[in-house]
Each structure stands twice: as C-alpha cells, then as structure tokens.
2 protein chains.
Amino acid sequence: MPRDGTSTKTAIMDAAERLILDRGFAATSVDAIIEAAGITKGTFFYHFKSKAELALSLVQRFAEADRAHLEDKMARAETLSRDPLQQVLIFIGLFIEDLVQLTQPYPGCLFASFCYEAQLFDTETLKVIDEAMWEWRRDLGGKFEKIFERYPPRLEVEARSLADMATVAFEGAFIVSKTLKEPQVVAEQLTHYRNYVELLFAPAES
Amino acid sequence: MPRDGTSTKTAIMDAAERLILDRGFAATSVDAIIEAAGITKGTFFYHFKSKAELALSLVQRFAEADRAHLEDKMARAETLSRDPLQQVLIFIGLFIEDLVQLTQPYPGCLFASFCYEAQLFDTETLKVIDEAMWEWRRDLGGKFEKIFERYPPRLEVEARSLADMATVAFEGAFIVSKTLKEPQVVAEQLTHYRNYVELLFAPAES
DNA sequence: TATTTTATACCAACCAGTTGGTATAAATTC
DNA sequence: GAATTTATACCAACTGGTTGGTATAAAATA
C-alpha cells in the first residue's frame, strides 16, 4: 500500500480508465498508464498479470458501479411512489438531477469505448458488458411491463425497447456531449426520454 | 487504376473502415489494412502519405455520405408534404424504412469510433466530425423551429435539443445493436424518436 | 518476515513509414 | 510512326522506434 492509504491498484485503474476514454484501449500503452499513475512497470505487472486482465478488471468495476446506480436509484424511486409509472419517471429524474450538475462534457462510457474496439477483447470481458446491458433491460423493462398493466400506451411499443431507450439516451448523449464539448446534452436527452414516457402513458385528455 | 475498374484507394478505405469499426483506429495496423485490401505497403503509402491522412479521408467520406443522407431524405420529405411537422415525421420514417431491412447488427458509426479515440486525431479530422453534427443541428433544428411556429409543443423543449435527439438515437442504438448483436434495435429507437415528435406536437384531444 | 514497490535492463514482435525499383500506357518529341 | 519522356500505379525489402511483457536485485512498507 502506498503511503496515502489509497490502493495502488485503484490508482492504476483510475489512470487507465481516464486515458482509455480519451484515446481508446489499444492506444493506451502500459507505459502511459504507469506514468499517469506515478508507479513503475514492475508494480503494474505485480497487480495485473497482463493488459487484458486490466481490461477485465476495469469493465467489471464499471459494471458494478453501473449496477449500483441502477439499483440505488430504482430503490429510491420505489420508496417515493407505489405507481410503476411514477417510479420510472422519478428513476429517470434522479439521473437528470446528477447530470445537470455537470460542468465539463461527460468523460464517456467504458462500455461504448470497448464496443468500438470489441475485437481486442476476450469473450469474458465482452460478456460483462453484455450482461450489464441485459440488467437494464430486465429491471427497467420489468417496470414498463407493470406500467402496461395499469396504463394503456398511446402508441404500440415494447417494454424491452423502452428500457433500451434509456441506454440509448445515455450512450448517444455521451457521444454528442464529447464531440461538441457540451456538458448539458446528457441531461437534456434524459429529459426527452422522461418526456416521452410521460406522454406515452398520459391519460387521454377529455 | 487496377484493371477491374474499381479504385485501389476506395478498396483501401473500404477495408480500413470495416476493420476500424471492429477494432478501433489505433489497433488497425497498416499491415492489416493492406492484407484485407489485397495490396502492398508501398501502394498504401502511394495513396496516403500517412495513416493520419487515411483517417482524414475516411472521416471526410463518411461525412459526405452522412450529408447526402440528410439532404436527400429531407428533400424527399419536402416533396411529400408542405407541413414542417409532417416533413420531419416523413424524414425520420425514411431512415426507419432503410433500417428495418437490416439483417445484421449495424456495423457502427465512424464518428462514434473516432470520438472514443479523439486524442489520436488532429484538429482538422475532428473538425470534420464536429461540423457534420452541427449540420444536423442546423437543418433538423431549423425544421423544429418552423414546427414551433405552427404547433405549440405539449412540453417545453428546445429545437436544437430535439435535433440532437436524432443523432443520439442513431449513436446510442448503434452501440446497443453492436453490443447485443441485435439488428432491429436501430429501427426501434428511431421509431421511438418519431413517436416522441408525434406526441409532442399532437393537437390536444378534446 | 511477507508483501509491496522501485529501478533498470532487457527482449521478441510489431509498428508506421521509407527506399529503390518495376510495369504500363499515354503524351511528347524527332 | 518510331523513340523517348512523363505520370501513374504498384511492390518487396528494409529501418528505427514502440509495444507488452519479463527478469532481477534492492529497498521500503505493514
């Protein structure tokens, strides 16, 4: 352990993640990582037996954080309302609350980064990403199924596809935000997603 | 020119683009490109003075194709209706028509790929991507401005942000489609986008 | 004293890019 | 119209530098 109490392994992963979101995995050399983390090569390979193992660790950590966000915000939404529609609207709102705080363009998503370099990674690493996306489908898709039982949607839509739209809003907005260097894009697009859900299930005016 | 009439330069760019969408730019070696294109290294560097120049050419070609899609489909939509709302709905519908034909997951967008490796490219290359995104904002955003003049939106939204949502739907859906290997996701998400526009500007039921 | 980290040296494989040259066909000269 | 030049397209072999990864011995930490 380094003097300051933080784990060296975490420092390596933090440095690597930041570099990867800027330059991609292939272009992020081990030399660049150890320089950014302020350690030496021996230390890197003491903690990770290969660069591929670092990729797996990074994607596992990212998936855990992702899962934590999903479960935490869904749990909070469920305490605030019993109505599945309100729960989903609150759920999306909790993300928006966080995202409007952004002052710099969102650094991006490791899943999207790895997605466009997919051929570099082994099946185990790719499976972690795949499963993380499926978890949103199951959890959020399940909520939409429940909404369908109570509210007839104004248009014919699939629960799974509505759940996918959350991932789409995040991933798409990250790319626009990064490219145009505009932090507000992500919150804006999540707001459109919430608006859509609201309009889809709003009771017909009379 | 090779005897078969197809341009060698185009063959190089086609091979490179396919490889880059699978493995990223950094991991796509010139050796891999020339093998896929069936040429030698000398030929590659006869057509492109560097790998960076290839990146610029690729992104320029992609931007031109992107612009062509935007202008062509917008022009077709304008011939089919004079109402800006109907034009936008038809415009999105024309993309959906193309995308429902997909039998394999969409190969991805070069802009998104380069976005997650942005540090590797010079300002000229990045500017091409930036300008392509701004063109959607201007053209589609302008349409939404016109819609606002005629139809009051049910919720407070910005024209620019609604235009961004098209890019977001594409880019986000590409990532989900690629990751889960499901071709239908892109058309589905574009349909949600069209639904949203429809619901936003639908006349209040009475 | 077992674990973690530093420092330095090293390697085979791979990388982008260069070299010196060939083949061909159209344009130019005589 | 034969000889020469120019321009385009291509190639096999090579170069210097970078890559991920290893080795080792000593030092610092817990």
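By convention in this document, chain letters (A, B, ...) are assigned in the order of the sequence lines, proteins followed by strands, and residues within each chain are numbered from 1. Hydrogens, waters and symmetry mates play no part in the numbers below; they use all other heavy atoms, side chains included.
For Glu53(B), the salt bridge (Lys or Arg N to Asp or Glu O under 4.0 Å) test picks out Lys49(B), with sequence neighbours left out. For Glu135(B), the side chain to side chain donor-acceptor pair (under 3.5 Å) partners two or more places apart in sequence, or in a different chain, are Arg67(B). Qualifying side chain to side chain donor-acceptor pair (under 3.5 Å) partners for Arg160(A), counting only residues two or more places apart in sequence or in other chains: Glu158(A), Asp164(A), Glu188(B). Remark: Lys181(A) pairs with no residue by the salt bridge (Lys or Arg N to Asp or Glu O under 4.0 Å) rule, at least two apart or across chains. The side chain to side chain donor-acceptor pair (under 3.5 Å) test applied to Asn195(B) returns Tyr196(A), not counting sequence neighbours. Residues satisfying the side chain to side chain donor-acceptor pair (under 3.5 Å) criterion with Glu78(B), sequence neighbours excluded, are Lys143(B).
dG17(C) atom C1' lies 17 Å from atom OH of Tyr46(B), rounded to whole Å. If you measure from atom CD of Glu35(B) to atom P of dA12(D), you get 13 Å, rounded to the nearest angstrom. The CZ-P distance, from Phe45(B) to dA12(D), rounds to 16 Å in whole Å. With rounding to whole Å, Phe44(A) atom CZ is found 13 Å from dT19(D) atom C1'.
Applying the 6.0 Å contact sphere to CZ of Arg82(B) captures no more than 12 heavy atoms from other residues, nucleotides or ligands.
Within the structure, every pair that satisfies the salt bridge (charged side-chain N to carboxylate O under 4.0 Å, His left out) test and touches residues 89-100 of chain B, not counting sequence neighbours, is listed here: Lys73(B)-Asp98(B). Applying the salt bridge (charged side-chain N to carboxylate O under 4.0 Å, His left out) test to residues at least two apart or on different chains, none of the pairs has a partner in residues 107-119 of chain A.
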Only distances under 3.5 Å count here; give the side-chain donor-acceptor pairs of residues 14-25 of chain B to other protein atoms, sequence neighbours excluded, each with its distance to 0.1 Å.
| residue | atom | partner | partner atom | Å |
| --- | --- | --- | --- | --- |
| Asp14(B) | OD1 | Arg61(B) | NH1 | 2.9 |
| Asp14(B) | OD1 | Arg61(B) | NH2 | 3.1 |
| Glu17(B) | OE1 | Arg61(B) | NH2 | 3.2 |

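In the set dC15(C), dG20(D), dG17(C), the nucleotide with an atom closest to the side chain of Asp31(B) is dC15(C).
Atom CG of Asp66(A) is separated from atom CE of Met133(A) by 9.0 Å, given to the nearest 0.5 angstrom.
Proximity of residues 14-29 of chain B to DNA chain D (heavy atom under 4.0 angstrom from any strand atom) is not detected for any residue. In the region residues 47-59 of chain B, proximity to DNA chain D at under 4.0 angstrom, judged on heavy atoms, holds for His47(B).
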| remark: Under a 4.0 Å heavy-atom criterion, the protein footprint on nucleotides 6-12 of chain C, written with B, S and -, is BS-----
